[in-house]
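None of these values were measured; they are calculated from a predicted model. A, B, ... follow the sequence lines: proteins, then strands. Residue 1 opens every chain.
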Protein chains: 2
Amino acid sequence: MQDDQLDGHDRRILKVLQRQGRITNQELAEQIGLSPAACWRRVKALEASGVIKRFAALVDPARVGQPLCALVMITLRRHSLDSTTDFEERVTRYPEVLQCYATTGNADFVLRVVIEDMAAYDRFLNEKLFTLPGISQVHSNFVLRAIKDETAIPMP
Amino acid sequence: MQDDQLDGHDRRILKVLQRQGRITNQELAEQIGLSPAACWRRVKALEASGVIKRFAALVDPARVGQPLCALVMITLRRHSLDSTTDFEERVTRYPEVLQCYATTGNADFVLRVVIEDMAAYDRFLNEKLFTLPGISQVHSNFVLRAIKDETAIPMP
DNA sequence: ACTGAAAGTCGTTGCAT
DNA sequence: ATGCAACGACTTTCAGT
């Protein structure tokens, strides 16, 4: 749904805001070469149209007691619409599941789970993931190290 | 490196700021039941200590012309320290690679790539990924749909 | 759609507790 | 580590181009 055209000003605004979400409107306006009022209206329009989904503080997981991260490949038993939507609804509610993608390839879904330690991951599997309907295979790959962890979409 | 203790106030601040990164300090202070000055000092301390890595605008990839997403599983040929660090340094510089993790399991690295279309992905593989030293296997799994895409770390 | 200025709100600091 | 108070800076709106 790429209805609205973004011009160079919008793209530069997004480029800056993706890295400095709390920059003042004045400073942003200066950097992109627009008056504060014009810049402010563009930012509001980008928010209202959903190009900017929201603003967020990015937190270091290890520093808040969640140093363990796993990529979980999941295959469903039969691909009925019911079990799939049920799976998706429940997975969405688990706060330790930060990302969940339906993918091509061997797995039906790939999850990124951020959690306290192995004991907590064991509980996550037994009490949450394994209770989901229609699960066939679960492969847990643990993250040894994050080489890169970025949220900024590249701007053309 | 979890040196500093976070109390309930800090955790509540982080909980709110992860969802509303641009909330005013006054409103935040109200929500967590602290004076604006005390709240402000805590936020600054969380930023300075690195618990908050940064603030960011979260942008919808499809709305800025990058609707394609792939999870790429990569195996290196020999696991010499040289080729590994070289691989990591170069992958970090590619803006279309948003995430790169070293993992346990079959793959050595898992990448999340956000890109314009298949032609651009083809170029990414040939001009960037395949030119990296020591690559043995590359498995591209395309994201059919994002069921969940969250940045907020769960707060205990 | 932009600029410039006006009015209102907020961030930020210093001081006292 | 907290609250209060004051100043300066910023956001936000509106009239005019």
Side-chain angles (χ1 to χ4, degrees), chain A residues 1-66 151-153 155-156, chain B residues 1-60 62-65 151-153 155-156:
Chain A
M1 226 161 291
Q2 201 184 344
D3 32 11
D4 39 19
Q5 300 288 17
L6 302 176
D7 64 10
H9 281 144
D10 289 323
R11 279 197 293 273
R12 263 146 67 210
I13 286 174
L14 292 172
K15 212 173 222 169
V16 174
L17 285 181
Q18 285 192 117
R19 306 223 136 270
Q20 304 173 250
R22 263 195 160 181
I23 192 176
T24 66
N25 185 55
Q26 291 202 350
E27 214 177 318
L28 178 61
E30 244 178 77
Q31 282 193 29
I32 66 165
L34 229 52
S35 76
C39 181
W40 184 85
R41 245 180 294 107
R42 279 169 180 271
V43 172
K44 287 297 151 190
L46 290 167
E47 287 184 69
S49 69
V51 174
I52 295 177
K53 293 186 287 185
R54 62 187 174 89
F55 289 87
L58 302 181
V59 169
D60 185 338
R63 296 293 294 277
V64 294
Q66 315 278 349
T151 59
I153 312 298
M155 284 293 146
Chain B
M1 229 163 288
Q2 200 183 345
D3 34 8
D4 39 18
Q5 301 289 15
L6 302 176
D7 64 11
H9 280 143
D10 289 323
R11 279 196 293 273
R12 263 145 67 209
I13 287 174
L14 292 173
K15 211 174 224 169
V16 174
L17 285 181
Q18 285 191 116
R19 305 224 138 268
Q20 305 172 251
R22 262 196 160 180
I23 191 175
T24 65
N25 185 56
Q26 292 201 352
E27 215 178 318
L28 177 62
E30 248 178 74
Q31 281 192 29
I32 66 165
L34 227 54
S35 76
C39 181
W40 185 85
R41 268 188 292 261
R42 278 170 182 269
V43 172
K44 286 298 150 189
L46 289 167
E47 286 185 69
S49 70
V51 173
I52 295 176
K53 293 186 287 187
R54 62 187 174 91
F55 289 87
L58 302 182
V59 168
D60 186 338
R63 297 293 294 279
V64 294
T151 60
I153 312 298
M155 284 292 145

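- With distances taken from any side-chain atom of B:Arg41 to the nucleotides C:dT12, C:dC15, C:dC10, the minimum falls on C:dC15.
- Between the CD atom of A:Gln26 and the P atom of C:dT9 there is a distance of 18 Å, rounded to whole Å.
- Electrostatic pairing of B:Arg42 and B:Asp7 counts as a salt bridge here, judged by a charged N lying under 4.0 Å from a carboxylate O.
- Comparing atom distances between the A:Arg42 side chain and each of C:dG14, D:dT11, C:dC2 picks out C:dC2 as nearest.
- Evaluation of atom-type donor-acceptor distances gives no pair under 3.5 Å for the side chain of A:Arg22 against the base of C:dG11.
- B:Ala38 comes within 4.0 angstrom of sugar-phosphate atoms only, judged by non-hydrogen atoms across all strands, and of no base.
- B:Val43 has its side chain within reach of B:Leu28: a pair of non-hydrogen atoms, C-beta onward, lies under 4.5 Å apart.
- In this structure, B:Asp7 places its CG atom 7 Å from P of D:dT2, rounding to the nearest Å.
- The residue A:Thr24 sits close only to the backbone: its heavy atoms come under 4.0 Å of sugar-phosphate atoms, none of a base.
- The side chain of B:Asn25 lies closest to C:dG11 when the candidates are D:dT2, C:dG11, D:dT12.
- Rounding to whole angstrom units, CG of residue B:Leu34 and C1' of D:dC4 are separated by 14 Å.
- Atom-to-atom, CD1 of A:Ile32 to C1' of C:dA1 comes out at 13 Å; the value is rounded to the nearest Å.
- In this model, the phosphate group of D:dT12 is approached by a side-chain N or O of A:Trp40 to a distance below 4.0 Å at OP1 or OP2.
- Both A:Gly33 and B:Ala37 sit near DNA chain C, but only A:Gly33 has its closest nucleotide nearer the 5' end.
- In this structure, B:Arg54 contributes its side chain and A:Gln18 its backbone to a donor-acceptor pair below 3.5 Å.
- Rounded to whole Å, the distance from NZ on A:Lys44 to C1' on D:dC14 is 17 Å.
- Remark: side-chain polar atoms of A:Arg11 are not paired, donor with acceptor, to backbone N or O of A:Met155 under 3.5 angstrom.
- Nucleotide C:dG11 holds its C1' atom 14 Å from the CD atom of B:Glu27, rounded to whole Å.
- Taking the side chain as every heavy atom from C-beta outward, A:Arg22 and A:Phe55 never approach each other to under 4.5 Å.
- Atom P of nucleotide C:dG11 and atom CG of B:Leu28 are separated by 9 Å, given to the nearest angstrom.
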